[in-house]
Amino acid sequence: MTNSLLNFLHMGGYGFYVWGSYGSVLAFLLAQWFLPWRRWQKYQNEQKLTHEQNS
Amino acid sequence: MWSLINNLVSPRKFYSLTNMLLPWLTVLFVLSFSYGIIGGLILVPADYLQGDGFRIIYVHAPCAFLSLFIYAVMAAAAFTAIVWRLKMAHLVIRHSAPIGAGFTFLALLTGSLWGKPMWGTWWIWDARLTSELILLFMYLGIILFQSASAHKTAAERATAILVLVGFIDIPIIHYSVYWWNTLHQGATLKLFAPSAIDHSMVYPLLSMITAFMIYYGIVLFLRLRYELTALERNHHWLRKSS
């Protein structure tokens, strides 16, 4: 089990290149999605607060 | 078709359409991305020549495709912005450029990580690599140009013209591997000819490309929706929708 996991991570000697590629792409995809999503949530919370204060 | 275009160009209809589409797009993205990444890393056998190193194709090719696709979308938006003066078209250009720049940078980075073990070098002034680097500079130039100009309407129009002029780089990137002797391989997927990749390897690749296109749609919708709420904050339709 451990050996097959290590073999998988080793990627036939290309581990650094393969995981480096996948890691950088995943980090970018997460950041590009998370930033506008967080900004939207923040905006909606601000709107709710303003609405509550006004009423 | 015209009804869809009408929905996309009217801020009010666009807002409602994105609210309806975003959950479905997210589900589609998760499904196609999961199949693509599991297929690319686990299900697909190692290449006979490149071994497991070839698995980089499942992130490199979609990034490279998106770098061209997003620019093509921006060029179409620029054309409609100039001809029909649509507000939405300028917003599409503004919010697509950073996403496109990110994918272009990733295409170069993952290409470099693939090139080192296969070609023995991180970088070479090859026609494909150089024209892709020019595309990255085009994206950065468009982003900087938008933020540098003081007069908004003139800046938007000038940016649209700049995007259209820069479109010349897209066919150059695509055909660079045929026009010049390059270290970069030819196209793996072909529209009108058999693909240069085994069937067992092609489906996860197509799934990843689809996932990345959906992802672009999701992020663009999220960014545009925020921009529209900021622009149209006092409009009656927005207060009613939220």
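Convention: sequence-line order gives letters A, B, ...; per-chain numbering from 1.
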Checklist entry - What part of A:Y17 gets closer than 4.5 Å to chain B, counting heavy atoms only: side chain, backbone, both or neither? => result both
Item to check | B:W122 and A:F16 aromatic ring geometry - parallel, tilted or perpendicular at 30°/60° bounds | outcome: perpendicular
Item to check | Which of B:P62, B:G102, B:G51, B:C63 touches chain A most, by non-hydrogen pairs under 4.5 Å | outcome: B:G102
Next on the checklist: Under a 4.5 Å cutoff for heavy-atom pairs, which residue among A:F28, A:F8, A:W33, A:W19 has the most contacts with chain B?
Outcome noted: A:F28
Item to check | Any donor-acceptor pair under 3.5 Å from B:R94 side chain to B:I143 backbone | outcome: no
Checklist entry - Among side-chain atoms of B:Y58 and A:S21, is any donor-acceptor pair under 3.5 angstrom? => result no
Checklist entry - So, the side chain of A:Y43 versus the backbone of B:Y226: is there a donor-acceptor pair under 3.5 Å, distance only? => result no
Checklist outcome for this item: Max heavy-atom pairs within cutoff under 4.5 Å with chain B, candidates A:S24, A:G15, A:G13, goes to A:S24
Item to check | Residue pair B:L41 / A:V18: nearest heavy atoms and the distance that separates them | outcome: CD2-CG1, 4.2 Å
Checklist outcome for this item: Turns out that what part of A:L26 lies under 4.5 Å from chain B's heavy atoms comes down to side chain
Checklist entry - Between B:S207 and B:Y203, is there a donor-acceptor pair closer than 3.5 Å when you use the side chain of the first and the backbone of the second? => result no
Item to check | Residue among B:V59, B:V219, B:I218, B:L222 with most heavy-atom pairs under 4.5 Å to chain A | outcome: B:V59
Item to check | Among B:F103, B:F54, B:F33, residue most engaged with chain A (heavy-atom pairs, under 4.5 Å) | outcome: B:F103
